[in-house]
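First comes the structure, then the notes that go with it.
Side chains are part of it too, since the values below use all heavy atoms of this structure and drop only hydrogens, waters and symmetry mates. In this chain, numbering begins with 1 at the start of the sequence shown.
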Amino acid sequence: TDCNGNQIPDSAEILVDASLDANHNGVLDACEPAPCFGDVDLSGAVNGIDLAIVLQNWGVPSPKYPRADINGDGQVNGSDLALLLSNWGGCP
């Protein structure tokens, strides 16, 4: 599979850089669901870093941060920003 759409099989990416799968479950960390909407960097909180990632990826999300498209519609836009801001703070 190529969950981040970068034309490189996920297994090959993990083989080259094991840090891309920190929990060693065979799925790129960037492609696992966030613990809460808006926690783009999986830090356990929605904060300024997540906001910066969303703004930096405005338009089409980069393969490095596919979670910047919070609502999964293929675009990083005002809808994603609204979801991020409405979930600001610590994740449950």
Side-chain angles (χ1 to χ4, degrees):
T1 60
D2 180 21
C3 71
N4 58 4
N6 67 354
Q7 312 274 323
I8 302 170
D10 299 339
S11 57
E13 286 188 78
I14 293 168
L15 186 61
V16 170
D17 185 355
S19 71
L20 296 174
D21 180 20
N23 61 3
H24 307 291
N25 68 351
V27 177
L28 291 173
D29 295 338
C31 298
E32 293 189 58
C36 65
F37 263 170
D39 184 15
V40 178
D41 68 347
L42 299 177
S43 67
V46 180
N47 56 32
I49 295 170
D50 301 298
L51 176 60
I53 291 169
V54 166
L55 295 176
Q56 186 178 26
N57 287 273
W58 201 262
V60 178
S62 72
K64 184 173 180 181
Y65 291 110
R67 276 193 212 84
D69 177 17
I70 297 167
N71 67 0
D73 68 356
Q75 295 289 313
V76 179
N77 54 31
S79 298
D80 301 299
L81 180 60
L83 284 168
L84 182 141
L85 294 174
S86 67
N87 288 291
W88 196 266
C91 295

Closest non-hydrogen atom pair, L83 against F37 = CD2-CD1, 4.1 Å
Please tabulate, for the side chains in residues 51-63, all donor-acceptor contacts under 3.5 angstrom to protein atoms that are two or more places apart in sequence or on a different chain.
unit_1 : atom_1 : unit_2 : atom_2 : d
N57    : OD1    : S62    : N      : 3.1
N57    : OD1    : S62    : OG     : 2.9
N57    : ND2    : I53    : O      : 2.8
S62    : OG     : K64    : N      : 3.4
S62    : OG     : Y65    : N      : 3.3

What one should report as the nearest heavy-atom pair of Q75 and N77 is CB-ND2, 3.6 Å
Please name all residues satisfying side chain to side chain donor-acceptor pair (under 3.5 Å) with N47, sequence neighbours left out, ordered by chain then number.
-> none
Using a 4.5 Å side-chain heavy-atom cut-off and chaining through intermediate ILVMFWY residues, the residues clustered with L15 come out as none
Considering residues at least two apart in sequence or located in another chain, which fulfil the side chain to side chain donor-acceptor pair (under 3.5 Å) criterion with N4?
-> E13
So which heavy atom on P66 is nearest to which on A30, and how close?
-> CG-O, 3.2 Å
Could you list the residues that satisfy side chain to side chain contact (heavy atoms under 4.5 Å, CB included) with N23, not counting sequence neighbours?
-> D21, N25, D29, E32
Spatial distance of atom CG (D2) from atom SG (C31) [nearest 0.5 Å] = 8.0 Å
Candidates I70, V76, D69 - the one meeting side chain to side chain contact (heavy atoms under 4.5 Å, CB included) with D73 = D69
Not counting sequence neighbours, which residues clear side chain to side chain donor-acceptor pair (under 3.5 Å) with S86? List them please.
-> none
CG on D50 to CG on N87, rounded to 0.5 Å = 10.5 Å
By side chain to side chain contact (heavy atoms under 4.5 Å, CB included), which residues pair with A12, not counting sequence neighbours?
-> I8, P9
D10 meets the side chain to side chain donor-acceptor pair (under 3.5 Å) criterion, sequence neighbours left out, with T1
Specify the closest pair of heavy atoms between N71 and S79, including all atoms of both residues, with the distance to one decimal.
-> ND2-CB, 3.4 Å
For the residue pair D39 and S43, what are the closest heavy atoms and their distance?
-> OD1-N, 3.0 Å
Of all heavy-atom pairs between C36 and V46, which one has the smallest distance, and what is that distance?
-> SG-CG2, 3.9 Å
